[in-house]
Structures are given as structure tokens and as C-alpha cells.
Amino acid sequence: MLDILDPNQTDLDELSKIQKKIAKKVIKKDEIETPKSVAGCDISFSEENQAYAACVSFTYPDLEKIKEKSIEVEVDFPYIPTFLAFRELQPMLKVVKKIDTDVYMIDSQGLAHPRRAGLASHLGVIIKKPTIGVAKNRLCGEGYKPSPEKGAYTYLKDNEEVIGAIVRTRTDVKPVYVSIGHKISLEKAIKITLNTAPKYKIPEPIRAAHKLATEKMKAT
DNA sequence: GCGACAG
DNA sequence: ATCTTGTCGC
């Protein structure tokens, strides 16, 4: 069972093994040249166990909203650094299957994870679709600070291995951490991230998903 | 042992 | 993630 959450599987060593198996299945090459659509996914929490997941799709590269969906679900797994997928994968899967798109942008790390299996990669491998990890903060690895201009980026490395990129989506604003989720190259992931962030630091699809999830959460 | 640590 | 006022800057 290299799948997802198992009630009796609270042993972190076991969960680490699951992540290592997921990591082996990650495809780091482009499945598509230019996506026609891209969706953003995010989750908001009211109480520690009440989750509101949202997914919003847009045309690419025009960024016109196509469709949006949200769901509410209870989660029983706590937030533990490097094990985020075991807390957010279920809600994400539930909302993602309501939105069909060429690429999914996830508010998390992909390969830029200690075991190369961040939430974005875990989700991509399970749904077998292209995913990109776009995180606001670093989980692991190191890299030089990119130049202050929008579009500048440096590579995030874990020793000699490139695991992602530190991308400046807005001039003079703290950069985001982009990494391969699944079925996409790092270069393409960076390109899509920059093309979907014409105005704000956070790519439009993720911003829209975050906004929708938060609204649903507050409405409860 | 100590510090770091996606959301 | 979420809790929160003011404030600097275009």
C-alpha cells in the first residue's frame, strides 16, 4: 500500500517509506508543451481538523477563469514538517477530481523535499497529472538569493542536486520556491509560474484558490 | 545535543 | 495554517 493515509499508519518511519516510493514514480519531463489550462489548489483550516479545499482553473496563458470548486472535509492528521501530504492530500484529491485541467499548481513543495516527495509530487503521482509546487517558504536545500527584478531566479540545491528554483515573481518582493511536482520539467514549471503571476507574488490560480477556500472557511 | 522545519 | 492595526509606497 504505497498509497495514502492508513489509520494505523502513524509511524513516521513507515510514512517516510511511502514517500520514497512516491519519489521514484515522479516524472521530471514535460508531458505537454504548452498547457491550455492551469488550475490552482489550496486549503484553509478553521479548527485544526476542519479543512476547506478549493481548486480554480484558468485558461493559459490568458488567465481567464474557467471553473471553481470547493469542498469541506475533516482531517485527522496533524501538521508535521515534511509530512504535509498526509494531512492535505485527502482534501486536495477530493476537490481536484472536480476540476479537469492540463496542469495543477499546488501551494507546497514538490521535489524540494527531504525525500523528494512533497505534497505537489505526491498528488501528481496519484492522479497521474502534471503538477507544480509553488511554496512561499523553503523546506530544505539552499540557494543564492536571486536578483531583485521580476523573472530572476536561482537554483535550490541539496548538495549538488538541483531540487527546485527560487523565483522572483515580483520585483523587490520575497521570492517563491518552485519545484517539479510531476510530469513537468523545472524550466517549464518556472515559466508557467512566472506567466501566471502578472501582478502579484503568488500565481493567480493559487491566489484564487486560496481566496475561495478562505471565503468558504469564514462562511462557517 | 542543537537548530531547522511546506501549510 | 490562523490570529490581527497600522503603515509605507505606488
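Lettering of chains follows the sequences in order, A, B, ..., and the numbering in each one begins at 1.
In summary, the aromatic rings of A:Tyr155 and A:Tyr153 are positioned with their centroids under 6.0 Å apart.
In this structure, A:Asp100 and A:Lys129 have side chains that are in contact, with non-hydrogen atoms separated by less than 4.5 Å.
Counting non-hydrogen atoms under 4.0 angstrom, A:Ile80 reaches nothing in the nucleic acid. Within the 4.0 angstrom heavy-atom criterion, no nucleotide atom of any strand lies near A:Tyr52.
Rounded to whole Å, atom P of B:dG7 lies 16 Å from atom CE of A:Met217. Taking atom CD of A:Glu48 as the reference point, atom C1' of C:dA1 lies 8 Å away to the nearest angstrom. Atom CD of A:Gln50 is separated from atom P of C:dT2 by 14 Å (rounded to the nearest Å). For the pair A:Phe77 CZ and B:dA6 C1', the interatomic distance rounds to 14 Å; values are reported in whole Å. One atom, NE2 of A:His122, and another, C1' of B:dG7, lie 16 Å apart when rounded to the nearest Å. One atom, CD of A:Glu47, and another, P of C:dC3, lie 12 Å apart when rounded to the nearest Å. Residue A:Lys216 contributes atom NZ, which lies 16 Å from atom P of C:dT2 at whole-angstrom precision. Between the P atom of B:dA6 and the CE atom of A:Met92 lies a distance of 16 Å, rounded to the nearest Å.
Of the possible polar contacts, none joining the A:Ser57 side chain to the A:Val38 backbone as a donor-acceptor pair under 3.5 Å is found.
Within the structure, every pair that satisfies the side-chain hydrogen bond (donor to acceptor under 3.5 Å, both in side chains) test and touches residues 134-144 of chain A, not counting sequence neighbours, is listed here: A:Asp107-A:Lys136, A:Asn137-A:Lys174.
Between A:His210 and the phosphate of C:dA1, there is a side-chain N or O to OP1/OP2 separation shorter than 4.0 Å. Proximity of A:Ser44 to the phosphate of C:dT2: a side-chain N or O atom is located under 4.0 Å from OP1 or OP2. Between B:dA6 and A:Tyr79, a contact under 4.0 Å exists linking OP1 or OP2 to a side-chain N or O.
By the criterion of side-chain heavy atoms lying less than 4.5 angstrom apart, applied directly or through intervening Ile, Leu, Val, Met, Phe, Trp or Tyr residues, A:Tyr60 is grouped together with A:Ile190 in one hydrophobic cluster.
A donor and an acceptor atom, one from each side chain of A:Thr82 and A:Arg115, are located under 3.5 Å apart. Side-chain atoms of A:Ser44 and A:Thr214 form a donor-acceptor pair, as typed in the model, at a separation below 3.5 Å.
Across B:dA6, C:dT2, B:dG7, the shortest atom-to-atom separation from the side chain of A:Asp42 is found for B:dG7.
Against DNA chain B, the stretch residues 128-161 of chain A makes heavy-atom approaches under 4.0 Å through A:Ala135, A:Lys136, A:Asn137, A:Arg138, A:Leu139.
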